[in-house]
Amino acid sequence: LKEGEKRKFFEKEINSLISFHYKNSKDYKKILDLLGYKLKWKKLDEVPFLPAKLFKEFELRSIPKKKIFKTLVSSGTSGGGLSKIYLDKENAYNQVKVLTKIMSTILGNRRLPTLIVDQNPKILDRSVINAKSAAIYGFSIFGTNHTYLLNNQGEIDYILLNNFLKKYGKKTFFVFGFTSVVFENLVKKLSTKLLKFNFKNGVLLHGGGWKKMEKIKISNKVFKQKMLNKIKLKNIYNYYGLVEQTGSIFI
């Protein structure tokens, strides 16, 4: 869509959402009433914005308790409480659908063998999922033959890694992980003596963890250069996502 058309469409959707949440959430109605907000067509710059902190302090939802299908909680990297987001089945389905469309722009429409630069998230309570596990589970749907780089002790499993690269490394494969975990394991800790293959056919998608990278003075440019030098990985995409809008990631 052209920008003008897109804006019109987005404005219409946002207005209908405001009206939906106003009618279905007592807390949201209270906030808008306090602001003296009138439910009539608004341009985007007139829309009432909510501080994200509200999601940390209140149970903001527009669905009855019995319809909660999943509760997502934020990773809490910026300190303070955790945001809680309540999804019904329709929400969860739409998020997967949108994420699939966004991801197809970098992976195409086929599922690729996947290396996840993390441990296998074995979660006892599957109804409450934190941002990290949600991301691992969410991005797993775009891959096949999922292989986790780190063992239960959080160390690189070179046997698994070399087997994965031997089997799938000659064609395009997908690598997913969090920025600081990827840097820690694929750049700092990885032993090139124990690595028998390279990553040149990999497509890496990484996100989050930039606060840790800033502390050690690693910019996005330096990150990419180090990955290329160490493991010949050049196809790298950084994404930004937030739990309040799971499903919409910005690549």
Side-chain angles (χ1 to χ4, degrees), residues 1 6 69-70 72 87 89-123 126 129 131-151 156-183 185-187 190 195-209 220 223-243 245-251:
L1 294 173
K6 199 185 277 187
F69 174 62
K70 273 205 170 77
L72 301 181
L87 305 181
K89 275 190 171 169
E90 191 189 352
N91 272 146
Y93 173 72
N94 283 340
Q95 290 184 352
V96 171
K97 221 164 114 179
V98 172
L99 192 56
T100 305
K101 280 196 167 185
I102 295 170
M103 287 300 292
S104 69
T105 63
I106 63 165
L107 295 179
N109 292 316
R110 66 200 189 285
R111 286 168 62 167
L112 300 169
T114 298
L115 179 71
I116 295 162
V117 186
D118 220 305
Q119 291 169 296
N120 194 342
K122 292 177 178 128
I123 285 179
R126 286 297 303 273
I129 293 181
K132 191 176 186 182
S133 310
I136 291 172
Y137 286 126
F139 289 112
S140 293
I141 63 171
F142 305 110
T144 56
N145 312 100
H146 303 97
T147 301
Y148 291 90
L149 180 75
L150 307 181
N151 61 20
I156 297 167
D157 187 327
Y158 285 97
I159 295 171
L160 268 185
L161 175 59
N162 285 316
N163 284 346
F164 177 88
L165 291 172
K166 184 183 177 182
K167 204 169 176 185
Y168 306 112
K170 292 183 183 76
K171 291 182 178 171
T172 308
F173 62 93
F174 179 37
V175 185
F176 171 75
F178 298 92
T179 308
S180 58
V181 183
V182 169
F183 185 78
N185 291 286
L186 293 186
V187 175
L190 190 78
L195 182 72
K196 295 177 181 154
F197 307 91
N198 64 45
F199 280 71
K200 68 173 187 209
N201 291 320
V203 177
L204 168 67
L205 180 75
H206 68 98
N220 197 12
F223 177 89
K224 285 182 168 179
Q225 194 55 55
K226 284 186 180 287
M227 295 294 282
L228 184 62
N229 296 348
K230 182 93 183 234
I231 54 175
K232 295 189 167 47
L233 181 64
K234 59 179 185 297
N235 215 341
I236 298 174
Y237 297 91
N238 181 220
Y239 81 90
Y240 175 74
L242 61 163
V243 75
Q245 192 56 35
T246 307
S248 298
I249 61 162
F250 302 89
I251 294 177

List for me each residue that meets ring-ring contact (aromatic ring centres under 6.0 Å, His included) alongside Tyr239, sequence neighbours excluded, and say none if there are none. Phe139
Inter-residue atom distance [X].[atom1] - [Y].[atom2], 0.5 Å rounding:
X      : Y      : atom1 : atom2 : value
Leu115 : Tyr148 : CG    : OH    : 10.5 Å
Thr114 : Ile136 : OG1   : CD1   : 12.5 Å
Leu107 : Leu112 : CG    : CG    : 5.5 Å
Asn94  : Leu87  : CG    : CG    : 10.5 Å
Met103 : Phe174 : CE    : CZ    : 4.0 Å
Asn238 : Lys224 : CG    : NZ    : 7.5 Å

Residues forming a side-chain contact (heavy atoms from CB on, under 4.5 Å) with [X], sequence neighbours excluded:
X      : value
Lys234 : Leu228
Lys89  : Phe69
Tyr237 : Ile106, Val203, Leu205, Asn235, Ile251

Listed partners of [X] passing side-chain hydrogen bond (donor to acceptor under 3.5 Å, both in side chains), at least two apart:
X      : answer
Glu90  : none
Thr179 : His206
Asn145 : Tyr168

What is the minimum heavy-atom distance between [X] and [Y], and which atoms define it?
X      : Y      : result
Gln119 : Asn151 : NE2-O, 3.0 Å
Val117 : Val181 : O-CG1, 3.3 Å
Ile231 : Leu195 : CG2-CD2, 4.0 Å
Gly202 : Leu233 : O-CD1, 3.3 Å

Listing, residues 158-165 side-chain donor-acceptor contacts under 3.5 Å, not counting sequence neighbours, or none:
{"from": "Tyr158", "atom 1": "OH", "to": "Ser191", "atom 2": "N", "distance (Å)": "2.8"}
{"from": "Asn162", "atom 1": "OD1", "to": "Lys196", "atom 2": "N", "distance (Å)": "2.9"}
{"from": "Asn162", "atom 1": "ND2", "to": "Tyr158", "atom 2": "O", "distance (Å)": "3.1"}
{"from": "Asn162", "atom 1": "ND2", "to": "Leu194", "atom 2": "O", "distance (Å)": "3.0"}
{"from": "Asn163", "atom 1": "ND2", "to": "Ile159", "atom 2": "O", "distance (Å)": "3.3"}

Any side-chain hydrogen bond (donor to acceptor under 3.5 Å, both in side chains) involving residues 99-110? Give me the pairs, sequence neighbours left out, ordered by first then second residue. none
If you look only at pairs with a residue in residues 136-147, which of them pass as a salt bridge (charged side-chain N to carboxylate O under 4.0 Å, His left out), with sequence neighbours excluded? none
Only pairs at least two apart or in different chains count here, so list each salt bridge (charged side-chain N to carboxylate O under 4.0 Å, His left out) that has a residue in residues 159-170. none
Check this for me: Lys230, atom NZ, are more than 12 non-hydrogen atoms of other residues, nucleotides or ligands nearer than 6.0 Å? yes
Can you check whether Phe199 reaches Met227 side chain to side chain, under 4.5 Å on heavy atoms? no
Student check: side-chain heavy atoms of Ile116 and Ser140 closer than 4.5 Å: yes
Salt bridge (Lys or Arg N to Asp or Glu O under 4.0 Å) partners for Asp118, two or more places apart: Lys132
